[in-house]
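One structure is given here, and the rest of the page talks about it.
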Amino acid sequence: MNDVTIKITDRNGTKHDIVAPTDMAMNLMEVVRSYELAPEGTIGVCGGMAMCASCQCYILSDTELPIKQDEEDAMLSEAFYVKQNSRLGCQIPITPNLHGLEVELAPES
């Protein structure tokens, strides 16, 4: 089993060092939910289909991520609090190359 360490700043500004498994086909949104870093019902509302932007986060590190697909780009174009470094957590699979990723959860909208 390969685990990666990810630094996540929650919506209250608290920083968490999270250990996430790379062998469970999880994405960043699911990791946030499993560690209860956001109140239930406020993240991953659409179930990870890139249809709600409740899992929007800001990428703070230079970690190489998957290319943003059209669906994610379209959802972010309609979301609140979008920044240049915004991504949807549901579109970021947990893989070994995410080790050291740093993100901040966007405010709830």
Review point. Under a 4.5 Å side-chain heavy-atom rule over Ile, Leu, Val, Met, Phe, Trp and Tyr, are Met24 and Val32 clustered together?
Key: yes
Point to revise | Cys55 SG to Leu28 CG distance, which is reported to the nearest 0.5 Å | key: 8.0 Å
Review point. How long is the span from the CZ atom in Arg33 to the CE atom in Met26, to the nearest 0.5 Å?
Key: 9.5 Å
**Study point:** Distance (rounded to the nearest 0.5 Å) between Leu65 CG and Ile59 CD1
**Key:** 5.0 Å
Review point. What side-chain hydrogen bond (donor to acceptor under 3.5 Å, both in side chains) pairs are there with at least one residue in residues 38-59, not counting sequence neighbours?
Key: Arg11-Thr42, Gln56-Ser86
Point to revise | For the student: nearest non-hydrogen atoms of Ile43 and Ala38, plus distance | key: CG2-CB, 3.9 Å
Review point. Which pairs, with at least one residue in residues 45-64 and sequence neighbours excluded, count as a salt bridge (charged side-chain N to carboxylate O under 4.0 Å, His left out)?
Key: none
Review point. Roughly how far apart are Leu101 CG and Leu60 CG, rounded to 0.5 Å?
Key: 8.5 Å
Practice item. Show the numbers, then the answer: is there a side-chain contact (heavy atoms from CB on, under 4.5 Å) between Leu98 and Thr63? Key: CA-CA 6 Å; Leu98 287 190; Thr63 308; 4.0 Å; yes
Review point. Are side-chain heavy atoms of Ile92 and Asn27 found at a separation under 4.5 Å?
Key: no
**Study point:** Pairs touching residues 75-92 that satisfy salt bridge (charged side-chain N to carboxylate O under 4.0 Å, His left out), sequence neighbours left out
**Key:** Glu72-Arg87
Practice item. Could you check Ile18 against Leu37 for side-chain contact (heavy atoms from CB on, under 4.5 Å), going step by step and ending with a plain yes or no? Key: CA-CA 10 Å; Ile18 300 300; Leu37 300 182; 4.1 Å; yes
Point to revise | Interatomic distance, Met29 atom CE to Ile94 atom CD1 [nearest 0.5 angstrom] | key: 10.5 Å
Exercise for review: Supply the atom-to-atom distance Asp3 CG to Thr5 OG1, rounded to the nearest 0.5 angstrom.
Suggested key: 8.0 Å
Study note, to complete from the structure: In short, salt bridge (charged side-chain N to carboxylate O under 4.0 Å, His left out) pairs touching residues 41-51 with sequence neighbours left out are none
Check your understanding: Passes side-chain contact (heavy atoms from CB on, under 4.5 Å), Val19 versus Tyr35? Steps please.
Key -> CA-CA 10 Å; Val19 176; Tyr35 277 92; 4.2 Å; yes
Point to revise | Taking every non-hydrogen atom, the tightest pair across Cys90 and Gly48 | key: CB-CA, 3.5 Å
Study note, to complete from the structure: Contacts satisfying salt bridge (charged side-chain N to carboxylate O under 4.0 Å, His left out) that involve residues 94-109 (not counting sequence neighbours) are none
**Study point:** Test side-chain contact (heavy atoms from CB on, under 4.5 Å) applied to Leu105 and Thr9, step by step
**Key:** CA-CA 6 Å; Leu105 300 182; Thr9 303; over 6 Å; no
Review point. Does Phe80 belong to the same Ile/Leu/Val/Met/Phe/Trp/Tyr cluster as Leu88, with side-chain heavy atoms less than 4.5 Å apart forming each link?
Key: no
Review point. Is Val45 linked to Val31 within one hydrophobic cluster, defined over Ile, Leu, Val, Met, Phe, Trp and Tyr using a side-chain heavy-atom separation of less than 4.5 Å?
Key: no
**Study point:** With Asp17 via salt bridge (charged side-chain N to carboxylate O under 4.0 Å, His left out) - residues at least two apart
**Key:** Lys7
